[in-house]
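For reference, the structure discussed in these notes is given below.
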There are 2 protein chains.
Amino acid sequence: MKKRQRWSTIPGCSLEAALNVIGGRWKGVFLFHLLDGKMRFNELSRLAKGASPRLVVNQLRELEHDGLICREVFPVVPPKVEYSLTDEGRSLEPILISLSDWGYAWIERHPFQEPHLVTDSPGPISPPEAPRTP
Amino acid sequence: MKKRQRWSTIPGCSLEAALNVIGGRWKGVFLFHLLDGKMRFNELSRLAKGASPRLVVNQLRELEHDGLICREVFPVVPPKVEYSLTDEGRSLEPILISLSDWGYAWIERHPFQEPHLVTDSPGPISPPEAPRTP
DNA sequence: CTGAATCCACAAAGATACTG
DNA sequence: CAGTATCTTTGTGGATTCAG
């Protein structure tokens, strides 16, 4: 059985398409580190600290399906699989670097910023007193 | 009660931080269209076709919390709220444009590519015959 | 070592109705 | 108009176990 991902079927704009491709939980990280050369499954797994193999495999499979990475299987014992960037994947290099730079600057600007905490009831923000509409 | 998002607490690298901030389902789209100027809630909602108000609000709240957009409430009847980019949000402009361009090119390279279909059982990939390990 | 198979919890997203 | 409140549904991701 097949399940559709949470991303919309037809991206509303090209930016959606791009985020659809690199926006996965670990995809950016994998692509970024693959800029330095081939990596094996375990190396990539270590990058994704706390992620189960299942998730790592899924992310890699999607990247492969999207033509950004190449999966090379060596028929040896013990098994060995190497992942590398395709030319298409490498075309993301400047963007990945820009993103990384921006992220670094953002962290410096928000030193102790917590990740998003989603409250079930955000509560009222600015109760206006309803004057006249212009 | 507060719940932690699925993103990791401490991003492993700055690229993770960046994707943490702009990688939400509609965040990129909102930011991208806000490059053209202020927008009201309903305008943004229309961009996110099929998204419930709850989701739109959440995404906007997170962008606001991360300092990328500014929420301006006009105490009038009917209510009016305008969202605009902060300077920090605008600093993403080159990246958003690069992403959009890349996405456009990607779509052209993959004309009829389906979005990711996740199969529960991808099936075997390359059954090696297990020779000797070098 | 590199996954595949299975089960399951929990959070995210959808639908709907409602309010200031 | 711009959200809230609630309920329900969905599905992603964790943990574990097994296999080639």
Side-chain angles (χ1 to χ4, degrees), chain A residues 1-8 23-27 39-46 48-62 64 71-83 115-134, chain B residues 1-8 23-27 38-46 48-62 64 71-83 115-131 133-134:
Chain A
M1 177 214 178
K2 304 213 173 207
K3 295 184 235 172
R4 192 173 300 281
Q5 262 206 343
R6 69 194 173 95
W7 298 98
S8 72
R25 177 65 186 88
W26 298 106
K27 292 185 181 180
M39 295 186 103
R40 301 185 58 177
F41 181 85
N42 265 2
E43 300 183 86
L44 293 166
S45 279
R46 269 188 291 275
K49 289 231 304 183
S52 58
R54 170 151 173 56
L55 181 54
V56 175
V57 174
N58 273 347
Q59 301 273 297
L60 290 172
R61 287 281 194 281
E62 292 185 3
E64 187 191 5
R71 179 175 177 273
E72 193 177 1
V73 180
F74 297 84
V76 298
V77 173
K80 173 179 172 181
V81 178
E82 278 185 348
Y83 294 89
H116 308 130
L117 294 177
V118 180
T119 67
D120 273 344
S121 7
I125 298 284
S126 288
E129 281 133 27
R132 209 51 29 214
T133 166
Chain B
M1 178 213 176
K2 307 216 170 205
K3 297 183 232 172
R4 191 171 300 283
Q5 261 206 345
R6 67 193 176 96
W7 299 97
S8 72
R25 177 66 187 86
W26 297 106
K27 292 184 181 180
K38 307 184 179 216
M39 296 186 104
R40 301 184 58 174
F41 181 86
N42 266 2
E43 301 183 85
L44 293 166
S45 279
R46 269 187 291 276
K49 289 231 302 183
S52 58
R54 170 152 170 57
L55 181 53
V56 174
V57 173
N58 273 347
Q59 301 274 298
L60 290 173
R61 287 282 195 281
E62 293 185 3
E64 187 191 6
R71 179 176 178 271
E72 193 178 1
V73 180
F74 297 84
V76 298
V77 173
K80 174 178 173 182
V81 178
E82 278 185 348
Y83 294 89
H116 307 131
L117 294 176
V118 179
T119 67
D120 272 343
S121 6
I125 297 283
S126 286
E129 281 133 26
T133 165

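Proteins get letters first, then strands, A, B, ... in listed order; numbering begins at 1 in each. Just so you know, these numbers come straight off a predicted model, no measurement behind them.
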Can you check the [X] [atom1] to [N] [atom2] distance for me, whole Å?
{"X": "B/Trp26", "N": "C/dG14", "atom1": "CH2", "atom2": "C1'", "value": "13 Å"}
{"X": "A/Leu55", "N": "D/dA15", "atom1": "CG", "atom2": "P", "value": "11 Å"}
{"X": "B/Glu82", "N": "D/dG3", "atom1": "CD", "atom2": "P", "value": "12 Å"}
{"X": "B/Gln59", "N": "D/dA2", "atom1": "CD", "atom2": "P", "value": "18 Å"}
{"X": "B/Arg54", "N": "C/dG14", "atom1": "CZ", "atom2": "C1'", "value": "10 Å"}
{"X": "A/Glu62", "N": "D/dT12", "atom1": "CD", "atom2": "P", "value": "9 Å"}
{"X": "A/Glu43", "N": "C/dG3", "atom1": "CD", "atom2": "P", "value": "13 Å"}
{"X": "A/Arg46", "N": "C/dC1", "atom1": "CZ", "atom2": "P", "value": "9 Å"}

Would you name the heavy atoms of [X] and [Y] that are closest together and state the gap between them?
{"X": "B/Glu82", "Y": "B/Lys80", "value": "OE2-CE, 3.6 Å"}
{"X": "A/Pro75", "Y": "A/Val73", "value": "CD-O, 3.6 Å"}
{"X": "A/Lys49", "Y": "A/Arg46", "value": "CG-O, 3.3 Å"}

Indicate whether OP1 or OP2 belonging to [N] is found under 4.0 Å from a side-chain N or O atom of [X].
{"X": "B/Asn58", "N": "C/dA12", "result": "no"}
{"X": "B/Tyr83", "N": "D/dC1", "result": "no"}
{"X": "B/Arg40", "N": "D/dA2", "result": "yes"}

Side chain of [X] only, heavy atoms from C-beta on: which candidate in [options] is closest?
{"X": "A/Arg71", "options": "D/dG13, D/dA2, C/dT2", "result": "C/dT2"}
{"X": "A/Arg61", "options": "D/dG3, C/dA4, D/dC1", "result": "C/dA4"}
{"X": "B/Val81", "options": "C/dT2, D/dG14, D/dG3", "result": "D/dG3"}
{"X": "B/Pro79", "options": "D/dG14, C/dC1, D/dA2", "result": "D/dA2"}
{"X": "A/Phe41", "options": "C/dG14, D/dG3, C/dT2", "result": "C/dT2"}
{"X": "B/Pro53", "options": "C/dG3, D/dC1, D/dT4", "result": "D/dT4"}

Tell me every residue that passes side-chain hydrogen bond (donor to acceptor under 3.5 Å, both in side chains) with B/Glu72, counting only those two or more places apart in sequence or in another chain.
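Testing B/Glu72 for side-chain hydrogen bond (donor to acceptor under 3.5 Å, both in side chains), a comparison that skips the adjacent residues, returns B/Lys38.
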
Would you work out how much the helix from C/dC1-D/dG20 to C/dG20-D/dC1 bends between its ends, with each end axis defined by five base pairs, to 10 degrees?
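Angle reported: 60°, given to the nearest ten degrees.
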
Output the distance between atom CD (B/Glu43) and atom OH (B/Tyr83), rounded to the nearest 0.5 Å.
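So the gap between those two atoms works out to 12.0 Å.
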
Side chains of A/Gln59 and A/Leu55: does their closest heavy-atom pair fall under 4.5 Å?
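Yes, at least one pair of side-chain atoms sits under 4.5 Å.
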
Looking at residues at least two apart in the chain, or sitting in another chain, which of them share a side-chain contact (heavy atoms from CB on, under 4.5 Å) with A/Val57?
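Applying side-chain contact (heavy atoms from CB on, under 4.5 Å) to A/Val57 gives A/Phe41, A/Arg61.
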
